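Notes follow once the structure below has been shown.
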2 protein chains.
Amino acid sequence: MVSIKDIAKKAGVAVSTVSYALNGSDKITEETTARILAIANEMNYVPHAAARSLKKQQSHMIGIFLTDFGGHFYGDLLQGVKEGLNRKGFDLVVCSGRQSRRMIPERMIDGAIILDETFGDEELLEYASRGHKLVVLDRDLDHPNINQVLLDNKAGASLAMEYLIDQGHDKIYVVNGPKGSFDSKQRMHAVKQAVDRTPGVTFVELPGNFDKAAGEAAARRIADEYTRPAAVFCLNDEMAIGLYDYVQNNTSLIIGEHLHPIGFDNIELSRYVQPRLATIDYSMRKWGALASEQLIKLISGQPVDHERIYVTLVQGESVKTIV
Amino acid sequence: MVSIKDIAKKAGVAVSTVSYALNGSDKITEETTARILAIANEMNYVPHAAARSLKKQQSHMIGIFLTDFGGHFYGDLLQGVKEGLNRKGFDLVVCSGRQSRRMIPERMIDGAIILDETFGDEELLEYASRGHKLVVLDRDLDHPNINQVLLDNKAGASLAMEYLIDQGHDKIYVVNGPKGSFDSKQRMHAVKQAVDRTPGVTFVELPGNFDKAAGEAAARRIADEYTRPAAVFCLNDEMAIGLYDYVQNNTSLIIGEHLHPIGFDNIELSRYVQPRLATIDYSMRKWGALASEQLIKLISGQPVDHERIYVTLVQGESVKTIV
DNA sequence: TTGTACGCGTTATCAC
DNA sequence: GTGATAACGCGTACAA
């Protein structure tokens with residue numbers, strides 16, 4: 001592998017001269033620079049990332065940590081992050097699983113975006129206290145080195161509940177997310193507020209886990225005890241799809257007639273299931289772009305405030321009016 | 001940031017002692033090792049990835065390069081790669097876009113898995129000739145430093161065509177993939193072979209691009225010239241979904257009656273569209289796992305042969321028998 | 001322009 | 001056998 005030393009030798013100059021020339025410093029003559037560049041090119045020189053990182057103490061890479069690679073969930077988010085980052089000359093690495101976490105303390109990345117509830121708050125605070133810069137998308141964490149870019153879960157859940165109630169529903173199941181999930185908690189909290197301020201609404205909370213299986217389990221329970229039309233607020237679309245699967249394959253109940261589900265996230269699939277799933281929408285891409293922006297500000301020492309991603313209601317034939 | 005030097009100072013030993021102890025060398029006494037480990041722990045020591053990479057000339061990270069983050073396409077593949085890698089102590093970074101390519105020559109990663117037609121063959125051969133190890137999933141490239149793990153496109157396309165023909169279809173549209181795509185070419189080649197050996201089949205090739213828009217465009221064309229029932233082999237599911245969208249929203253043609261589409265990939269969505277899309281299935285996870293295995297063998301200098309991923313037919317109500 | 005110290009961990013060599 | 005010294009990998013940046 002060719003290093004600046006080799007180039008220096010061939011060009012008959014010092015390594016520092018090569019380094020300056022390569023980095024476009026005006027300390028070096030135009031001619032010398034050109035000559036060195038030519039030689040470097042001809043020798044197929046490529047700087048060694050590790051050496052540069054070691055000296056500069058930064059890698060110009062940032063990591064995004066996801067719970068898993070599954071689901072249709074992340075495509076647009078990642079695209080948003082990547083675009084935001086590339087504009088600033090940073091590269092993105094997408095990580096998942098425990099092993100890759102060491103990239104943070106080992107300084108392989110200059111900062112991280114976290115969307116992975118399997119991280120403990122303490123672990124993240126620990127990183128932050130050691131000087132690592134983080135943007136969290138899935139929790140409320142207060143530290144100068146941590147910035148939050150959170151969904152407006154409360155608005156979303158309120159929107160969903162109000163929609164159901166406006167359509168005349170007074171029996172509402174709510175399928176919860178995972179225990180530790182911040183988004184779940186916020187959404188469920190808003191659900192309870194909505195119920196509290198609306199007399200006459202029966203509300204049943206079912207356990208869930210943000211995956212299809214949870215939606216199916218909830219559907220079974222609901223179908224088993226079915227007596228009259230009910231609305232079902234699944235705290236994400238994935239579970240709503242699971243509910244569709246179960247109801248349509250294992251019962252004679254009709255979605256949009258007996259059961260009126262609404263989801264959260266507006267994943268692509270929701271547009272394709274029959275009938276179209278009502279849900280809460282927001283821009284994944286914007287979320288990602290904003291997160292990357294905030295992280296770069298954090299890294300470059302600029303002041304940052306926490307940010308919020310706004311949501312809207314998407315109506316769907318899965319929810320019909322009760323007359 | 002605490003380095004081995006700090007630990008050495010506190011422990012009253014030389015840095016080499018610390019390094020040996022940390023790496024579990026038997027050159028150091030149990031007690032000394034224990035003491036050093038304790039101190040390192042207490043000081044929250046974490047080795048600097050860049051320094052280690054620099055010395056060892058390897059990062060224990062491997063990269064997978066994707067055309068984009070979109071589509072439901074990659075989740076399982078990535079999961080497969082990750083699992084295969086983690087077992088061997090490697091970490092995965094998922095990359096997309098031109099910028100991140102520099103990770104290869106800059107030796108930020110020890111090897112790369114390529115599923116991104118926007119790479120040129122020459123570029124990849126160039127990397128290989130410089131000693132970088134690659135596994136390609138999307139082209140036929142011969143070099144000692146390159147291993148191929150390819151889909152059995154020919155079998156898949158033959159399966160699809162035979163299925164259509166067996167159902168009595170004699171008018172078959174085929175919606176192609178992008179011009180440069182290896183998978184497209186192989187599939188289309190097999191299509192032509194199938195047509196050639198079956199007299200009486202009318203076959204029309206339509207341009208495509210593996211995205212939904214291409215499927216919609218093809219659908220428009222087919223609908224405009226519709227005279228009698230026809231089968232449509234979309235060279236991937238995404239385009240077949242686009243075709244569904246157009247046909248169901250803009251025409252009175254019925255899928256499974258007038259138009260009989262089949263896809264390729266068996267993405268999750270294909271199970272949800274109505275009627276279920278017939279398609280060609282294969283295990284994404286296995287594909288990923290195999291790719292990572294091959295790459296690690298390549299990196300560790302073991303001999304490797306090219307591999308093939310087998311495919312099966314998934315029947316669906318999108319294709320009905322012509323009587 | 002150039003010589004050189006530096007960033008940090010690894011490992012060969014050498015002395016006790 | 002134990003442990004210390006120093007060279008090394010590669011690029012950067014300060015002092016000369």
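The model shown is predicted, which means the values in this text are computed figures rather than measured ones. Below, read A as the first sequence line, B as the second, and so on, with proteins coming before strands; counting in each chain starts at 1.
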Is there a side-chain polar atom (N or O) of [X] under 4.0 Å from OP1 or OP2 of [N]?
X	N	result
A:Q57	C:dC6	no
B:T32	D:dG3	yes
B:R52	C:dT10	yes
A:N23	D:dT12	yes

Measure [atom1]/[X] against [atom2]/[N] and give the value in whole Å, please.
X	N	atom1	atom2	result
A:K9	C:dT1	NZ	P	20 Å
A:D26	C:dT1	CG	P	12 Å
A:L54	C:dC6	CG	P	14 Å
B:H48	D:dC10	NE2	C1'	14 Å
B:K5	C:dT10	NZ	C1'	14 Å
A:I28	D:dC14	CD1	C1'	14 Å
B:Y45	C:dG7	OH	P	15 Å
B:L22	D:dG3	CG	P	15 Å

Hey, does [X] reach any base, or is it just sugar-phosphate, or nothing, if we go heavy atoms under 4.0 Å?
X	answer
A:V46	sugar-phosphate
B:T29	sugar-phosphate
B:S3	sugar-phosphate

Between protein and nucleotides 4-8 of chain D, what N or O pairs are separated by less than 3.5 Å?
from  : atom 1 : to    : atom 2 : distance (Å)
D:dA4 : OP2    : B:A14 : N      : 2.9
D:dA4 : OP2    : B:T17 : OG1    : 2.8
D:dA4 : N7     : B:S16 : OG     : 3.4
D:dT5 : O4     : B:S16 : OG     : 3.1
D:dC8 : O2     : B:K55 : NZ     : 3.0

Query raised in the report: Given A:T118 and A:R101, is the side-chain hydrogen bond (donor to acceptor under 3.5 Å, both in side chains) satisfied, shown in steps?
Result: CA-CA 11 Å; A:T118 69; A:R101 293 186 189 178; 2.7 Å; yes

May I ask you to decide whether [X] forms a salt bridge with [Y], counting only side-chain N to carboxylate O separations under 4.0 Å?
X	Y	value
A:K133	A:D110	no
B:K88	B:E293	no
B:R139	B:E117	no

Requested in this report: Evaluate the criterion ring-ring contact (aromatic ring centres under 6.0 Å, His included) for residue pair B:Y282 and B:Y310; output intermediate values, then yes/no.
Outcome: CA-CA 6 Å; B:Y282 50 89; B:Y310 297 101; over 10 Å; no

Side-chain donor-acceptor contacts of residues 50-57 of chain B below 3.5 Å, not counting sequence neighbours, with atom names and distances?
from  : atom 1 : to    : atom 2 : distance (Å)
B:S53 : OG     : B:A49 : O      : 3.0

Query raised in the report: Looking at residues at least two apart in the chain, or sitting in another chain, which of them share a side chain to side chain donor-acceptor pair (under 3.5 Å) with B:R102?
Result: A:D91, B:E106

Query raised in the report: Out of D:dG11, C:dT10, C:dT1, which nucleotide sits closest to the side chain of A:I4?
Result: D:dG11

Query raised in the report: Taking the side chain of A:A51 as heavy atoms from C-beta outward, which of D:dT12, C:dG9, D:dC10 is closest to it?
Result: D:dC10

